[in-house]
**Student:** 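First, the structure itself, so that you have it in front of you.
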Amino acid sequence: MIRLFDSVRGEISELQLRDAGEVSMYVCGPTVYDLPHLGHGRYTLIWDVARRWFTFRGLEVRFVSNITDIDDNIISRALRDHTSEPVVAATYEQKWWEAMDLIGVARPSQVPRATQYVVQMVELISSFLDDGVGYATSDGIYFDVSRVSDYGLLAGQPLDSLRAGARVEANDEKRSPLDFALWKFAKPGEPSWPAPFGDGRPGWHTECVVMSLGLLGDGFDLHVGGFDLKFPHHENERAQAVAAGHTFARHWSHSGWVMVGSEKMSKSLGNFTSLTDLVEKTDPRAYRLLVLRSHYRSPIEVTPATIGDAQRALGRLDTLARRFDLSALAGPSLEVASEFTWGEGGKALFEKVGGFLDNDLDTPSAVAALFEAVSGANSAADQGDDALAQELARAVNALFGALGLALLSTSHLVDETSGTLVAERDEARSLKNWAEADRLRGELVALGWVVEDSPSGTQIRRP
RNA sequence: GGCGGCGUGGCCGAGUGGUUAGGCAGGGGCCUGCAAAGCCCCGUACUUGGGUUCGAAUCCCAACGCCGCCUCCA
């Protein structure tokens, strides 16, 4: 049984699946007009972890995440860069996938692009116009939120209280400030699609509802995204689904943001660090570990200090991988628990960690338990209990793999010069010529190696 | 103004009323020729003020500070 915080109920509740053994989830993807930043990195990592865990648990996961390849931001970016919208979208979509690959986020099962669903969007909007739920203004077609009785469900407050606080918008043709654009009429030079109610382009909220329902169907299991999408984006998606007579997501969940100092990282504040920049400077796995060590609904701060902390903690895991010669798990492919042979100690760890993860994706507790098991494995090995040590180490490796974190035991390629120095040092040590041994160690360190003695002699690796 | 969240040891970060979270950094020890790695031990934290309770970081009330959503936003 998997439990997850539900944003509508406001409490942790059991994930009631539409079809037994199968999870259908939709993650609002990026609008591709700029490089992905740490905030994008965080939500993609979190939902990647959730997906991997569900899969590891033996569930069949249909994971749909869209690409918004037409919207106002893309249009202004194309203008700024003196190029076309399709070029902007293609360029930054590629950057997106490059970043996802670097941080080890598995590709979605399906990736719908908004421009491929315009026909269905036009149909939906037409039906809204027929029903009077949609209405035209001089610049587009809008959705009348008052027509959905429980509008405000995601916001957690009723329509009138939202309206009271709503800021005034420029467009006074709207019946309510909360009404949102289903369709924007094309201005000269803007990309547009034909529609009986006037050529133009779809609104963001309409894109997502059409793609999620179109691919996953009525009453799909789980709709997720960052907290800031809860309202109005998700509210408006749902409003359209309900108005069109569909059952929408059974469960909603939202992830916390990345903080910069005491502010939320966001495009509009301009205080973002690109994901590409981060992973160029540090091991991308450190970011995943940092994300795993805090709860997905809490804000996190990504600073040189916190990322360095994670980097060193990661070092401890890689040391385990070296000591036990573990081969890296986790990659583009997803792991399944039933394919492992756990052993008694490993099985106990799996159950403990699984208990945490099944309970609202409690990765901090899971990671803590895994680090305890790292000590357990090392300790067992120090005391000569190799069987237990191996079992624990393998289980740790498998479970981190299940969370998408690959432990690396890579013995870096040793060049001839360094190899000779190692051999000479071992020779010197066997002759108890400590001065010479230390001198040779110094040379290796100068070449950038970390030098460690082991029962089988000098071991070198890159830091 | 409405709604929601947060305030934990040097730092990060979990904590479901009572027993060690975990990591990083630091100190001591074991091991080691010396190191490194590993193992063991250590700091004894919970914004403030009340209250409930045999007992509260954990529940209630208040205060202070901080953040988010209500507008494009992951």
Side-chain angles (χ1 to χ4, degrees), chain A residues 7 10 12 27-31 36-47 71-73 152 154-158 160-170 177-178 180 204 224-233 235 254-259 261-269 272 289-290 293-295 297-303 305-317 319-320 322-323 356 359 362-372 374-383 429 432-435 437-438 441 445 450-454 458-459 461:
Chain A
S7 304
I12 296 171
V27 187
C28 285
T31 301
H37 61 64
L38 264 30
H40 299 105
R42 187 182 189 200
Y43 91 82
T44 51
L45 281 169
I46 284 167
W47 301 117
D71 107 322
D72 294 358
N73 288 311
L154 270 293
Q157 41 187 339
D160 51 353
S161 110
L162 280 166
R163 194 179 300 206
R167 299 181 197 180
V168 182
E169 289 192 15
L178 290 165
F180 57 90
W204 181 37
V224 302
F227 262 120
D228 42 9
L229 294 189
K230 193 163 137 188
F231 190 91
H233 183 55
E235 186 81 55
H254 296 90
S255 50
W257 35 78
V258 172
M259 304 294 286
S262 59
E263 281 183 324
K264 176 189 147 197
M265 175 175 289
S266 73
K267 286 270 178 66
S268 48
L269 290 170
F272 59 90
L289 185 58
L290 182 62
R293 291 207 303 182
S294 69
H295 190 79
R297 286 187 282 121
S298 303
I300 59 168
E301 242 191 285
V302 185
T303 64
T306 60
I307 203 83
D309 187 288
Q311 180 79 63
R312 286 184 292 273
L314 187 61
R316 183 167 159 77
L317 299 177
T319 298
L320 183 86
R322 277 195 306 279
R323 182 171 190 178
F356 288 130
N359 183 220
D362 184 0
T363 56
S365 296
V367 168
L370 287 169
F371 270 95
E372 280 181 352
V374 168
S375 295
N378 281 320
S379 186
D382 285 354
Q383 287 159 26
R429 290 190 76 229
K432 296 195 190 300
N433 183 352
W434 308 126
D438 289 351
R441 176 166 57 195
V445 169
V450 172
V451 182
E452 292 173 356
D453 291 341
S454 79
T458 300
Q459 299 288 328
R461 64 183 169 88

**Student:** Would you tabulate the pairs of protein nitrogen or oxygen atoms and nucleotide nitrogen or oxygen atoms of nucleotides 44-46 of chain B closer than 3.5 angstrom?
**Tutor:**
none

**Student:** Which base sits across from B:G7 as a Watson-Crick or G-U pair, both distances under 3.5 Å?
**Tutor:** B:C64
**Student:** Side chain of A:Ala368: nearest nucleotide among B:G22, B:G33, B:G13?
**Tutor:** B:G22
**Student:** Give the nucleotide from the list B:G68, B:G22, B:C70 with an atom nearest to the side chain of A:Pro232.
**Tutor:** B:C70
**Student:** Quick check for you: among B:G33, B:C70, B:A14, whose closest atom lies nearest to any side-chain atom of A:Arg429?
**Tutor:** B:G33
**Student:** Rounding to an integer number of Å, can you tell me how far A:Leu289 CG sits from B:G13 P?
**Tutor:** 13 Å
**Student:** Which one, B:C73, B:A74, B:G33, comes nearest to the side chain of A:His37?
**Tutor:** B:A74
**Student:** Using both distances under 3.5 Å as the test, list the Watson-Crick or G-U wobble partner of B:C31, or none.
**Tutor:** none
**Student:** With heavy atoms under 4.0 Å as the rule, sort A:Met265 into base, sugar-phosphate or nothing.
**Tutor:** base
**Student:** From B:A36, B:A35, B:G23, pick the nucleotide closest to the side chain of A:Arg441?
**Tutor:** B:A35
**Student:** What is the distance from CZ of A:Arg42 to C1' of B:C12, rounded to the nearest Å?
**Tutor:** 13 Å
**Student:** Is B:C73 paired to anything, Watson-Crick or G-U wobble with both distances less than 3.5 Å, and if yes, which nucleotide?
**Tutor:** none
**Student:** Decide yes or no for A:Tyr43 and A:Pro30: does some side-chain heavy atom of the first lie under 4.5 Å from some side-chain heavy atom of the second?
**Tutor:** yes
**Student:** Are A:Ser454 and A:Arg323 close enough, and set up right, to give a side-chain hydrogen bond (donor to acceptor under 3.5 Å, both in side chains), and what steps lead you there?
**Tutor:** CA-CA 10 Å; A:Ser454 79; A:Arg323 182 171 190 178; over 6 Å; no
**Student:** Would the base of B:A37 count as contacting A:Arg323 through its side chain, where contact means a donor and an acceptor less than 3.5 Å apart?
**Tutor:** no
**Student:** Please work out if A:Val258 contacts a base, only the sugar-phosphate, or nothing of the nucleic acid, heavy-atom cut-off 4.0 Å.
**Tutor:** base
**Student:** Check whether any side-chain heavy atom of A:Val258 lies under 4.5 Å from a side-chain heavy atom of A:His37, and answer yes or no.
**Tutor:** no
**Student:** On the side chain of A:Asp228, is there an atom forming a donor-acceptor pair with the base of B:C70 - under 3.5 Å, no angle test?
**Tutor:** no
**Student:** Among B:G2, B:A37, B:C39, find the nucleotide with the atom closest to the side chain of A:Glu452.
**Tutor:** B:A37
**Student:** Using every non-hydrogen atom in the two residues, find where A:Cys28 and A:Leu229 come nearest and quote the distance to one decimal.
**Tutor:** CB-CD1, 3.6 Å
**Student:** Answer yes or no: is there a side-chain heavy-atom contact under 4.5 Å between A:Phe356 and A:Thr363?
**Tutor:** no
**Student:** Taking the minimum atom-to-atom distance to the side chain of A:Thr306, which one of B:C34, B:C12, B:G23 wins?
**Tutor:** B:C12
**Student:** Give a yes/no answer on whether the side chain of A:Arg461 brings an N or O atom under 4.0 Å of OP1 or OP2 in B:A36.
**Tutor:** no
**Student:** Can you tell which of B:A74, B:G2, B:U71 lies closest to the side chain of A:Leu178?
**Tutor:** B:U71
**Student:** Hey, does A:Gln157 reach any base, or is it just sugar-phosphate, or nothing, if we go heavy atoms under 4.0 Å?
**Tutor:** base
**Student:** Nearest to the side chain of A:Asn73, heavy atoms from C-beta on, is which of B:C72, B:C3, B:G38?
**Tutor:** B:C72
**Student:** Could you give the NZ-to-P distance, from A:Lys264 to B:G4, as a whole number of Å?
**Tutor:** 19 Å
**Student:** Could you check whether A:Ala305 gets within reach of a base, just the sugar-phosphate, or nothing at all, counting any heavy atom under 4.0 Å?
**Tutor:** nothing
**Student:** Can you find a side chain N or O atom of A:Ser375 that sits less than 4.0 Å from OP1 or OP2 on B:C39?
**Tutor:** yes
**Student:** Check every strand shown and say whether A:Gly226 touches a base, only sugar-phosphate, or nothing at a heavy-atom separation below 4.0 Å.
**Tutor:** sugar-phosphate
**Student:** Just how far, in rounded Å, is P of B:C39 from CZ of A:Phe371?
**Tutor:** 11 Å
**Student:** Expressed in angstrom and rounded to an integer, what is the separation of A:Glu235 atom CD from B:G4 atom C1'?
**Tutor:** 14 Å
**Student:** May I ask you to verify if any side-chain N or O of A:Ser298 is less than 4.0 angstrom from the OP1 or OP2 atom of B:G13?
**Tutor:** no
**Student:** Report yes or no: is there a donor-acceptor pair, N or O only, under 3.5 Å between the side chain of A:Asp453 and the base of B:A37?
**Tutor:** no
**Student:** Given atom CG of A:Asp160 and atom P of B:G2, what is their separation to the nearest angstrom?
**Tutor:** 13 Å
**Student:** Taking atom types as modelled and ignoring hydrogens, do the side chains of A:Thr319 and A:Arg316 form a donor-acceptor contact shorter than 3.5 angstrom?
**Tutor:** no
**Student:** When the distance from CZ of A:Arg316 to C1' of B:A37 is rounded to whole Å, what number comes out?
**Tutor:** 10 Å
**Student:** Can you tell which of B:G23, B:A37, B:A74 lies closest to the side chain of A:Thr319?
**Tutor:** B:A37
**Student:** I need the CG-P distance between A:Leu320 and B:A37, as an integer number of Å.
**Tutor:** 15 Å
